Amino acid sequence: MSGPAPAGPSPKANGHMSDEMLSKVCTTVALIYITFCIYFLSAGQGWGFSIELLIKASRKIEGPVAGLFGTPFCALLFLALMWLMKQWTQRRIATSLWDRFPVPFHREIPYTDPVGRAYRVVFFALIFGFGPYVQGYAFNSFVHGSVCADIEWPVPARAPVAASDGDGKSAARSAAGPKRTCKNGVSIITEPWGHFTAGFGPLTGNNFHFHQNSGLTYFPGWQPYLFLLLTAAVFVTWYMAIRVWVIAALSRLSRRLVKEVRKATDRAGRRRASASSRQARKRDKGKGTR
C-alpha cells in the first residue's frame, strides 16, 4: 500500500509552477533578452560583433539593419519578461520591494547580504535600465535606414531651385528626381520622418527593400507604425513596472528630508533656547552686581 498523500495540493497537482522554477524561467528569459540587447547594440555600433544574413557578406546586421531586427526582437522579449515577472509578483506577499523582484536563479539569495544585494541591483539595472536604452537605440537606428522601391511609388516633389546660367540670367529649374542609390529601383525613403509619411504598401511581395539593394523586404506604413507601437508598449510597460520603485524611493527620500528638517529645526530651537538662557543669566548677573 502506498503512504498517505501529502497535505495540500502540490504545484504539479494544481497546475502551477513552483516559485523556484518560475524564478529560473524569469532568469532564463532575462538572460536571453540581455544577450540580444548586447548583440544588437554592438552590431549597430559596429564593434565587430555581428553575423551575416543568409550567408551573404552583403547582408550583415549592422547600423540600421540592427534596428530592423533589434526593435521587434528586444520589444517582444521585454514584454514577455514583464509578463513573467508579473506572475511572480502576484505570488509574493512581502513588505520589501526587492523580495517581490525575481532573484536570478535562486530565490533564497538575501537582499541584506552585500553580494546578494549587488547581484540583484545589477540584474535590475540591466533589465530596467540597459534594456529600454537599447530599445530606443534600435528604433532610432531603424528610422535612419533608407528604403528602395522596385516599383513606381509616389515620391514628394522637390521645391524648385533657382539657378543662374552663364549669362547671369536666373532660371527656375526643378530639383533632380529621386536619387537612384538602389541597384534597380528608386530611393523612396532617405530621412527618418519619411518612414511615417511614405504611405502604406502591399502586404505581400518583395517590392521594397530596407537599406540594401535586395534581400530585406520592407512594408511601407505598416512596418514603421508597428515598430513604433512595440517601442511605445515597451516604455509604457517599463513605466508601469518601475513606478512602484520610484514611488517608494521618493517616499523614502521625502521621509529622510522631513527627518533632517526636523533635526535641523530642533537644533536651531535648542541653540535659540541656549542663547536665551545665557542672555538671561547675564542679565541676572548684571542686576546682582548693582
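Computed from heavy atoms alone, side chains included, the values below leave out hydrogens, waters and symmetry copies. It should be emphasised that the depicted structure is a prediction, and the values quoted were computed from it without experimental measurement. Residue numbers run from 1 in the order of the sequence given.
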Atom pairs and distances, donor-acceptor, side-chain atoms in residues 70-85, under 3.5 Å, two or more places apart:
| residue | atom | partner | partner atom | Å |
| --- | --- | --- | --- | --- |
| Thr71 | OG1 | Gly67 | O | 2.7 |
| Thr71 | OG1 | Ala138 | O | 3.4 |
| Thr71 | OG1 | Phe139 | N | 3.4 |

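- With rounding to the nearest 0.5 angstrom, the CG atom of Leu126 is 14.0 Å from the OH atom of Tyr133.
- The line from OG1 of Thr231 to CG of Leu226 is 9.0 Å long, rounded to the nearest 0.5 Å.
- Looking at Gln223, its side chain does come within 3.5 Å of a backbone N or O of Phe219 through a donor-acceptor pair.
- Between Cys148 atom SG and Phe210 atom CZ the span is 10.5 Å, to the nearest 0.5 Å.
- Side chains of Pro224 and Phe142 form a contact here, defined as non-hydrogen atoms less than 4.5 Å apart.
- To the nearest 0.5 angstrom, Leu31 atom CG is 8.5 Å from Ile127 atom CD1.
- Looking only at distances, a side-chain donor or acceptor of Trp238 sits under 3.5 Å from a matching main-chain atom of Phe128.
- Contact of the Phe40 side chain with the Tyr137 side chain is not registered, since no non-hydrogen atoms from C-beta on lie closer than 4.5 Å.
- With sequence neighbours excluded, no residue satisfies ring-ring contact (aromatic ring centres under 6.0 Å, His included) with Phe130.
- Between the His195 side chain and the Gly145 main chain, a donor and an acceptor come within less than 3.5 Å of each other.
- Counting heavy atoms from C-beta outward, Phe208 and Ile189 have side chains that stay 4.5 Å or more apart.
- Phe227 has its side chain out of reach of Val143: every pair of non-hydrogen atoms, C-beta onward, lies at least 4.5 Å apart.
- Tracing side-chain contacts under 4.5 Å through hydrophobic residues (I, L, V, M, F, W, Y), one never reaches Leu229 starting from Trp193; they form parts of separate clusters.
- In this structure Tyr239 satisfies the side chain to side chain contact (heavy atoms under 4.5 Å, CB included) test together with Arg243, sequence neighbours excluded.
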